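A short worksheet on the structure shown next.
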Amino acid sequence: MRIVTWNVNSLNARIDRVEAWIGAASPDILCLQETKMTDEAFPHDRFAALGYEAAHFGEGRWNGVAIVSRVGLDEVRSGFADGRDDSDPDARVLWATCSGVRVASCYVPNGREVDHDHYRYKLDWLGRLHDDLAANTQPDSDPVVVVGDFNVAPDDRDVWDPKELEGSTHVTEPERQALGRLVALGFVDVFRERFDSGGLYSWWDYRGGAFYKRMGMRIDLIYASAPAAAAVDFVLVDRNERKGEKPSDHAPVIADFALA
DNA sequence: ATGGTCGATCCTCGA
């Protein structure tokens, strides 16, 4: 089972590339982030023509997440289930069960600047994700795969220059500890499990020629519960997809699971 | 690879 996470930075702008990439990479479950569209505008027909059904949670201008699957799409739920009355105003997480695997497609808040309200929102959001997983999944016994644009680089190997970035968002201790709490629940960063090396990224800023200078971050992550992580047999960041005409600023991250 | 923000919106903001 091939599961992919890809922040497409507008599905309207990217649909032709997404369609072509599906043809080449043949994912079973494709989780998208930053679709930047309403549910009404989501191009279900384009995916149906390729043999996929899709669930989308969007608001229009910003954010927006989707799960596109050819192996079933059940128990779809958007947002968090904690019943908090300050419910998230943004469309940032979508859940579905696909062929027995509980899947979450996440677009974690960027944070903007440390000491910004958005940074506190980011930490709170990651806490809610942790609590939702703790309350509603059994990662010790069940296959659960939580993917997306986490907007956090898990450690210094995941950024081009830790010294230059010190103290800025994506690398602060509280953000990394928030990911650490997911790991403590039993979730494994399947890319890092497989590759020790730094310099392997999933996002490169459009500005300043960051991609060709190899100045990126690994912030698009695939977290798998122990039963799923044990079944991983292939992991790849498809950095070729960052090249060419009208790329997203993120590359797709692929993990293959030897699951039925 | 022969270059050097982009996307959505409304001309600026978010990433």
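Lettering follows sequence order; numbering is per chain, from 1. From a predicted model like this one, the values you see are computed outputs, not experimental measurements.
- Contact check on A:Asp16 versus A:Arg46 returns a salt bridge, with a Lys/Arg side-chain nitrogen under 4.0 Å from an Asp/Glu carboxylate oxygen.
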Please list, for nucleotides 2-6 of chain B, all pairs of protein and nucleotide N/O atoms separated by less than 3.5 Å.
from  : atom 1 : to       : atom 2 : distance (Å)
B:dT5 : OP2    : A:Gly208 : N      : 3.1

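- If A:Thr35 and A:Asn63 are placed on DNA chain B by their nearest nucleotide, the residue sitting closer to the 5' end is A:Thr35.
- Using C1' as the reference atom, B:dA8 and B:dG4 are 23 Å apart when rounded to the nearest Å.
- Comparing A:Asn12 and A:Asn7 against DNA chain B, the residue whose closest nucleotide sits nearer the 5' end is A:Asn12.
- With respect to the salt-bridge test (charged N to carboxylate O, under 4.0 angstrom), the residues A:Arg2 and A:Asp28 do not qualify.
- In this structure, A:Gln33 places its CD atom 17 Å from C1' of B:dG14, rounding to the nearest Å.
- Taking atom P on both B:dT5 and B:dT9, the two are 24 Å apart, rounded to the nearest angstrom.
- Among the nucleotides B:dG7, B:dA15, B:dT9, the one closest to any side-chain atom of A:Arg61 is B:dT9.
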Pairs of donor and acceptor atoms involving the side chains of residues 49-57 of chain A, under 3.5 Å and at least two apart or interchain, shall be tabulated with distances.
from    : atom 1 : to      : atom 2 : distance (Å)
A:Tyr52 : OH     : A:Pro27 : O      : 2.5
A:His56 : ND1    : A:Asp39 : OD1    : 2.8
A:His56 : NE2    : A:Thr35 : OG1    : 2.7

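- Atom name P, nucleotides B:dC6 and B:dT2: the rounded distance is 13 Å, in whole Å.
- Of the charged side-chain nitrogens involved, at least one lies within less than 4.0 Å of a carboxylate oxygen, so that A:Asp155 and A:Arg157 count as a salt-bridged pair.
- Here B:dG14 presents its P atom at 13 Å from CD of A:Glu34, a figure rounded to the nearest Å.
- Salt bridge annotation for A:Arg128-A:Asp131: absent, with no cationic side-chain nitrogen under 4.0 angstrom from a carboxylate oxygen.
- Among A:Val68, A:Thr97, A:Ile67, A:Ile29, the single residue meeting the side-chain contact (heavy atoms from CB on, under 4.5 Å) criterion with A:Leu73 is A:Ile67.
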